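Contents: one structure, followed by commentary.
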Amino acid sequence: MPEMPEVEQVRRSLEPHIKGKKILDCQVLLPRMIVHPESGAFAQSVTGRTFKEVKRRGKYLLLCLDDESAIMCHLRMTGALLALKKGDAEPSHARVHFTLSEDTDLWFTDIRTFGVMALLGQDGWADRGLASLGPEPLSKEFTLDYLEKILKKSRAPIKNFILDQRKIAGIGNIYADESLAMAKLHPKREASSLTREEAAALYDAINRSIAQGMENGGTTFRDYKDADGKSGSNQDHLLVYNRKGEPCRFCGTALEQIKVGGRGSVFCPRCQK
DNA sequence: ACTTCTACCTGAGCGC
DNA sequence: TGCGCTCAGGTAGAAG
């Protein structure tokens, strides 16, 4: 489940494999995953281009090309970008295949096919999700002052609030639950009801949980892998996510799972108010 | 303008 | 062993 730390790990691991290499061929195996332009035009446009760098914004990856265009990629739940050597077996669930120079193959794989790719920067087309992202954790734009201001304006449950990419970019279900556990806030608390102290605790918790995820190379439960096919280790350090029924690391109470906005949410009924 | 719900998919895990 | 069911979760777009 790639969230900001996982996508950042993909960015870091992918860049050295493709930087400076040329796209010799592009085969789209599942056309509907290319959201813009039409898949044939996409393949034709990227062929012959050279990768300059790999950027990330929230959970979006931008594979920047030498003509100032960029391949936008969102991995959604089960997507992966894998850099393999020529001759290696085709990975399972391959959806897009880029043949690169220097005997490198770049594969976009995705079990559930929710992931998307698009070509930006050639015709003014913009991805609405990417265009509407809020500031991301650990950035200078994400300040306590900003968080307090938008918290006051929302009557949504705090869990839904921090999952809203237009408010804060990059948080998904894992880091949402972890942040709330760290800040000792119940996932159903109304956003506008947080005190100054609680908002400050949440601000620190979001930054700390995301930073910890990045230090550990991301969280792997099932499908997430970086460009080298490696798993992260942050799953060994989680407070609540995927720990339903297990003891709270602070007080020992059995963790509970409820639905908040349709998402599974694990929390400590004693610590989180 | 805001929040909430559902569709989009496949595979794993469960009970029977 | 195998069937049918539920669940997982990011986002767009519809519905409230």
Side-chain angles (χ1 to χ4, degrees), chain A residues 1-10 29-36 56-62 72-81 91-96 108-118 120 125-134 136-137 149-180 187-194 209-210 213 218-225 231-232 234-235 238 240-245 255-267:
Chain A
M1 304 131 213
E3 305 178 26
M4 180 173 151
E6 290 74 32
V7 178
E8 176 60 20
Q9 176 62 27
V10 172
L29 309 175
L30 187 57
R32 66 175 159 76
M33 296 185 71
I34 308 294
V35 295
H36 183 86
R56 180 192 57 74
R57 177 78 176 93
K59 303 172 195 171
Y60 292 80
L61 284 164
L62 296 170
M72 182 199 85
C73 182
H74 196 303
L75 304 173
R76 296 286 173 94
M77 260 79 76
T78 55
L81 287 168
S92 52
H93 312 290
R95 310 303 184 190
V96 185
F108 181 27
T109 70
D110 194 350
I111 299 168
R112 293 173 68 181
T113 75
F114 286 178
V116 294
M117 268 189 173
L120 304 181
W125 181 86
D127 181 89
R128 292 168 67 176
L130 177 62
S132 61
L133 291 179
E136 54 186 70
K149 274 195 181 118
I150 58 171
L151 279 168
K152 284 192 193 114
K153 290 193 284 191
S154 174
R155 300 185 64 82
I158 189 63
K159 171 72 180 274
N160 297 36
F161 177 95
I162 60 177
L163 283 171
D164 186 343
Q165 304 299 300
R166 294 166 304 179
K167 295 186 168 70
I168 309 168
I171 301 174
N173 209 37
I174 297 174
Y175 296 97
D177 277 7
E178 291 300 297
S179 298
L180 293 175
K188 284 191 172 171
R189 274 285 296 281
E190 185 182 306
S192 62
S193 77
L194 267 62
S209 62
I210 292 285
T219 303
T220 300
F221 277 109
R222 196 171 297 152
D223 306 307
Y224 159 73
K225 284 179 167 46
S231 299
N234 198 51
Q235 62 278 7
L238 299 179
V240 292
Y241 186 84
N242 203 44
R243 297 191 65 237
K244 175 189 178 184
L255 299 176
E256 292 180 11
Q257 179 158 0
I258 57 173
K259 288 265 185 198
V260 184
R263 316 288 184 91
S265 301
V266 186
F267 70 104

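A quick note: this is a predicted structure, and the numbers were derived from the prediction, not measured. First the proteins, then the strands, lettered A, B, ... as listed; each starts at 1. Note: hydrogens, waters and symmetry copies are ignored here, and every other heavy atom, side chains too, is used.
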Check whether any side-chain N or O of A:Glu3 sits under 3.5 Å from a backbone N or O of A:Tyr175 as a donor-acceptor pair, and report yes or no.
yes
For the pair A:Asp110 (side chain) and A:Gly115 (backbone), establish whether a donor and an acceptor sit closer than 3.5 Å, ignoring hydrogens and angles.
yes
Distance check: side-chain N/O of [X] vs OP1/OP2 of [N], anything under 4.0 Å?
{"X": "A:Lys259", "N": "C:dA8", "value": "yes"}
{"X": "A:Lys244", "N": "C:dA8", "value": "no"}
{"X": "A:Asn160", "N": "B:dT4", "value": "yes"}
{"X": "A:Ser154", "N": "B:dT3", "value": "yes"}
{"X": "A:Arg128", "N": "C:dG13", "value": "yes"}
{"X": "A:Gln165", "N": "C:dT11", "value": "yes"}

Length of the line joining [X]:[atom1] and [N]:[atom2], which is rounded to integer Å:
{"X": "A:His74", "N": "C:dA12", "atom1": "NE2", "atom2": "C1'", "value": "11 Å"}
{"X": "A:Lys153", "N": "B:dT3", "atom1": "NZ", "atom2": "C1'", "value": "15 Å"}
{"X": "A:Phe161", "N": "C:dG10", "atom1": "CZ", "atom2": "P", "value": "17 Å"}
{"X": "A:Asp164", "N": "C:dG10", "atom1": "CG", "atom2": "P", "value": "13 Å"}
{"X": "A:Leu75", "N": "C:dT11", "atom1": "CG", "atom2": "C1'", "value": "13 Å"}
{"X": "A:Asn242", "N": "B:dA12", "atom1": "CG", "atom2": "P", "value": "16 Å"}
{"X": "A:Asp127", "N": "C:dG10", "atom1": "CG", "atom2": "P", "value": "16 Å"}
{"X": "A:Asp110", "N": "C:dT11", "atom1": "CG", "atom2": "P", "value": "13 Å"}

For [X] and [Y], which heavy atoms make the closest approach, and how far apart are they?
{"X": "A:Trp125", "Y": "A:Ala118", "answer": "CZ3-CB, 3.6 Å"}
{"X": "A:Ile111", "Y": "A:His93", "answer": "CG1-CD2, 3.5 Å"}
{"X": "A:Ile171", "Y": "A:Leu163", "answer": "O-CD2, 3.8 Å"}

Pairing of A:Asp177 and A:Lys159 as salt bridge, 4.0 angstrom limit
yes
Is the closest basic N to carboxylate O distance between A:Arg57 and A:Glu136 below 4.0 Å?
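Yes, A:Arg57 and A:Glu136 are salt-bridged.
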What stems, by residue range, does DNA chain B take part in, given at least 3 consecutive Watson-Crick or G-U pairs under 3.5 Å?
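Listed by first number, the stems are B:2-8 with C:10-16, B:10-16 with C:2-8.
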In Å and rounded to the nearest 0.5 Å, what is the CG to OG1 distance from A:Leu30 to A:Thr109?
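The OG1 atom of A:Thr109 is 12.0 Å from CG of A:Leu30, to the nearest 0.5 Å.
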Any side-chain donor near an acceptor of the partner, A:Ser154 and A:Ser192, under 3.5 Å
no
Does either side chain, that of A:Arg155 or that of A:Ser193, offer a donor lying less than 3.5 Å from an acceptor on the other one?
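Judged by distance alone, the side chains do not pair up.
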Across the strands shown, which category fits [X] at heavy-atom distances under 4.0 angstrom: base, sugar-phosphate, nothing?
{"X": "A:Gly261", "value": "nothing"}
{"X": "A:Gly129", "value": "sugar-phosphate"}
{"X": "A:Gln257", "value": "sugar-phosphate"}
{"X": "A:Lys167", "value": "sugar-phosphate"}

Contacts under 3.5 Å, N or O only, protein and nucleotides 8-10 of chain B:
residue	atom	partner	partner atom	Å
B:dC9	O2	A:Arg112	NE	2.4
B:dC9	O2	A:Arg112	NH2	3.0
B:dC9	N3	A:Arg112	NH2	2.9
B:dT10	O2	A:Arg112	NE	3.4

Atom P, compared across C:dT11 and B:dA1: separation rounded to whole Å
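Pairwise P distance, C:dT11 against B:dA1, rounds to 23 Å.
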